[in-house]
Amino acid sequence: MEPDINQRIWQVVALIPPGKVATYGDVAAQAGLPGAARRVGRALKLLPTGTRIPWHRVVNAQGGISLPPGSSSQYTQRERLEAEGVVFKANGAVDLRRFRAFQP
DNA sequence: GTACTGACCAGAT
DNA sequence: CATCTGGCCAGTA
């Protein structure tokens, strides 16, 4: 595995402004790796607890959180986003049309 | 070496 | 709306 790739991914994630989100696919594309959404997921999984990278601003293509429901990290992600003003709809997903950082 | 899995996704059916 | 299909690619068994 190439560590440079993870660096690029993390750097892109760091660019997402507060109150906005980006999808895994968006982050991959911004990092110059179109179609490598899965790598983004892996890269985020490697982040140490307590990192300053705003990993919570990355959601899946449906605007939902791709972490096991009930896990502490899932709870943390939702809490942090709501604290930044991101609104979750009844189905547990955010409105990407309003909160997406890298609009097409 | 194959087979399955996963913080995924777009397009077709 | 729900499912399926094929693409992606590193880790694990």
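Values below: every heavy atom of this structure, side chains too, minus hydrogens, waters and symmetry copies. Given the structure is predicted, the values throughout are model-derived calculations rather than measurements. Proteins come first, then strands; the chains are lettered A, B, ... in the order of their sequence lines, and each starts at number 1.
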To the nearest Å, how far apart are [X] [atom1] and [N] [atom2]?
X: A/Asn91; N: C/dA2; atom1: CG; atom2: P; result: 11 Å
X: A/Gln62; N: C/dT3; atom1: CD; atom2: P; result: 14 Å
X: A/Arg39; N: C/dG7; atom1: CZ; atom2: C1'; result: 15 Å
X: A/Arg38; N: C/dA10; atom1: CZ; atom2: C1'; result: 10 Å
X: A/Leu46; N: C/dA10; atom1: CG; atom2: P; result: 12 Å
X: A/Asn6; N: B/dA7; atom1: CG; atom2: C1'; result: 13 Å
X: A/Ile16; N: B/dA7; atom1: CD1; atom2: C1'; result: 13 Å
X: A/Ile5; N: B/dC8; atom1: CD1; atom2: C1'; result: 17 Å

- Message: If we count only N and O atoms by modelled type, under 3.5 Å, do the side chains of A/His56 and A/Glu79 hold a donor and an acceptor together?
- Response: no

- Distance-only, no hydrogens or angles: does the A/Gln77 side chain make a donor-acceptor pair with backbone N or O of A/Val58 under 3.5 Å? yes

- CG (A/Leu44) and CZ (A/Arg39) are apart, to the nearest 0.5 Å, by 12.5 Å

- Hey, does A/Ala61 reach any base, or is it just sugar-phosphate, or nothing, if we go heavy atoms under 4.0 Å? sugar-phosphate

- Query: Touch check for A/Arg42, heavy atoms < 4.0 angstrom, all strands: base, sugar-phosphate only, or nothing?
  - Reply: base

- Message: Distance to the ring centre below 6.0 angstrom and angle to the axis at most 45 degrees; does that hold for A/Arg78 and A/Phe88?
- Response: yes

- Query: Between B/dA7 and C/dA2, how far is it from one P atom to the other, in whole Å?
  - Reply: 22 Å

- Determine the Euclidean distance between corresponding C1' atoms of B/dT5 and C/dG7; express it in Å to zero decimal places. 16 Å

